[in-house]
Amino acid sequence: MSTAQQPDPRDRPARLAVGVVGAGRVGPVLAASLQLAGHRPVAVSGVSDASRRRAALMLPDVPLVPPAEVLQRADLVLLTVPDDTLPGLVEGLAETGAVRPGQLLVHTSGRYGAKVLDPALRAGALPLALHPAMTFTGSPVDVQRLAGCSFGVTAPDELRLAAEALVIEMGGEPEWIAEENRPLYHTALALGANHLVTLVAQSMELLREAGVEAPDRMLGPLLGAALDNALRSGDGALTGPVARGDAGTVAAHVAELRAHAPQTVAGYLAMARATADRALARGLLKPELAEDLLGVLADGASGTPGAPGPQGTEGDAG
């Protein structure tokens, strides 16, 4: 086996000067990843103290400058700002002449495709939408997490190869998303990732109240197995009292939530109804058990005590 030392990426000639507008959790991480691929971060903009600290951590010695100056210095500009801010930012940069012809302008919004960059396109920029399907901490660990991360890619056909190449250089996997499908794509990701955090946090709070000292240690294996099963089998992985039709157990859950965490009742009922629908469609929930179960959920929504219903059976994790 060869023992030849691999070249340090810093020794390779930089191909693109990279700028970041918006030093949130995403931009500095992507720029740091591009730096490992041989590109050269040259400027970053950030307003808050947290943004400035993040930029200093992820991109040391890269100067903090106003957004217009970032565009002056960079060949590739990452626009990593909140979704609602992006259209106005692009229009403002284009109207003030900050955009240069031939400049690669990349946004990382999941909601928008390439059309939000049309003002910059008219100024001669090359528009790319590259959305990493990952949650970010804004710390160096995110750079490693990009390995194998899917990116939702939308760009003009003539820039498709350039977009895919940038994603691959960051260690990601490009997934082409049509312009008209960007809102649905982003909705799907938010439904899974954002709501999962809420559900896990609520579960941990309830376990602490039940006296569990390390709810994270208890939930880790259970949730890891549930996620793996769901990704492998979809609705076939459904389990627990709702999928079994254990109306009495579900009624007891609703009662406990009303007593200890009333703010979680609406979410529990909504998810239970959605689970029941999917379990019925899959044939996992027997129709004769579904009637009592749906009655309990309806009573729970109205605030009246649920019917006892059948007791839970052993064998499945709740």
Side-chain angles (χ1 to χ4, degrees), residues 14-24 26-31 33-34 37 39-47 51 55 59 62-133 151-170 172 174-187 189:
R15 288 167 290 156
L16 291 172
V18 178
V20 179
V21 176
V26 178
V29 171
L30 297 187
S33 182
L34 288 168
H39 300 288
R40 181 170 56 94
V42 294
V44 59
S45 71
V47 177
S51 294
L59 302 171
V62 175
L64 278 161
V65 299
E69 190 170 341
V70 173
L71 270 72
Q72 289 176 4
R73 299 186 182 199
D75 307 312
L76 166 63
V77 180
L78 301 172
L79 302 179
T80 51
V81 298
D83 288 359
D84 290 349
T85 305
L86 181 61
L89 172 66
V90 175
E91 290 179 3
L93 292 173
E95 289 174 359
T96 57
V99 178
R100 293 187 286 107
Q103 191 170 47
L104 283 165
L105 213 56
V106 177
H107 80 71
T108 58
S109 166
R111 171 185 172 187
Y112 293 108
K115 284 190 177 299
V116 72
L117 299 173
D118 276 355
L121 174 64
R122 290 190 289 270
L126 307 177
L128 305 176
L130 307 180
H131 175 250
F151 278 66
V153 178
T154 306
D157 287 344
E158 59 271 22
L159 295 177
R160 180 166 183 157
L161 291 179
E164 292 178 344
L166 286 173
V167 170
I168 291 170
E169 285 187 323
M170 288 184 283
E175 184 73 37
W176 199 257
I177 308 295
E179 181 78 32
E180 63 272 17
N181 289 337
R182 291 291 289 207
L184 179 61
Y185 153 81
H186 192 232
T187 300
L189 294 180

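Keep in mind it's a predicted model, so treat the numbers as computed, not measured.
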Test item: [X] side-chain N/O and [Y] main-chain N/O as donor-acceptor pair under 3.5 Å:
X: S51; Y: V47; answer: no
X: H107; Y: G113; answer: yes
X: T187; Y: P183; answer: yes
X: T80; Y: G22; answer: yes

Minimum heavy-atom separation for [X] and [Y], please, with both atom names.
X: L130; Y: A163; answer: CD2-CB, 3.9 Å
X: V65; Y: A43; answer: CG2-CB, 3.8 Å
X: A129; Y: A114; answer: CB-N, 4.2 Å
X: V21; Y: P67; answer: CG1-CB, 4.0 Å
X: I168; Y: P174; answer: CG1-CD, 4.0 Å
X: A31; Y: L78; answer: N-CD1, 3.9 Å

(message) Tell me which pairs pass salt bridge (charged side-chain N to carboxylate O under 4.0 Å, His left out) where either residue lies in residues 154-169, with sequence neighbours left out.
(response)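 Residue pairs with at least one partner in residues 154-169: R15-E169, R160-E164.
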(request) Please list all pairs passing the salt bridge (charged side-chain N to carboxylate O under 4.0 Å, His left out) test where one or both residues lie in residues 70-81, with sequence neighbours left out. (result)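 The answer is E69-R73.
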(message) Among residues at least two apart in sequence or on other chains, which ones pass ring-ring contact (aromatic ring centres under 6.0 Å, His included) with Y185?
(response)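 Here the qualifying residues are H131.
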(request) Not counting sequence neighbours, which residues clear salt bridge (Lys or Arg N to Asp or Glu O under 4.0 Å) with E175? List them please. (result)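 Residues passing salt bridge (Lys or Arg N to Asp or Glu O under 4.0 Å) with E175: none at all.
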(request) Using salt bridge (Lys or Arg N to Asp or Glu O under 4.0 Å) as the criterion, list what pairs up with R100, not counting sequence neighbours. (result)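 Counting only residues at least two positions away or on another chain, R100 forms no salt bridge (Lys or Arg N to Asp or Glu O under 4.0 Å).
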I'd like to check [X] versus [Y] (side-chain heavy atoms, cut-off strictly below 4.5 Å). Are they in contact?
X: H39; Y: L76; value: no
X: L93; Y: V77; value: no
X: P132; Y: T108; value: yes

(request) Scan for side chain to side chain donor-acceptor pair (under 3.5 Å) pairs involving residues 111-126, sequence neighbours excluded, and state none if there are none. (result)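 Matches after skipping sequence neighbours: D84-R111.
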(request) First locate atom CG of L128, then atom CG of L117, and finally report the distance between them rounded to the nearest 0.5 Å. (result)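 Answer for the CG-CG pair, L128 versus L117, is 8.0 Å.
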(request) Evaluate the side chain to side chain contact (heavy atoms under 4.5 Å, CB included) criterion for residues V20 and V70: first the C-alpha distance (whole Å), next the side-chain angles of each, then the deciding distance (0.1 Å), finally the verdict. (result) CA-CA 7 Å; V20 179; V70 173; 5.8 Å; no
(request) Report the C-alpha distance between N181 and T154 in whole Å, list the side-chain angles of each, state the deciding distance to 0.1 Å, and finish with yes or no for side chain to side chain contact (heavy atoms under 4.5 Å, CB included). (result) CA-CA 10 Å; N181 289 337; T154 306; over 6 Å; no
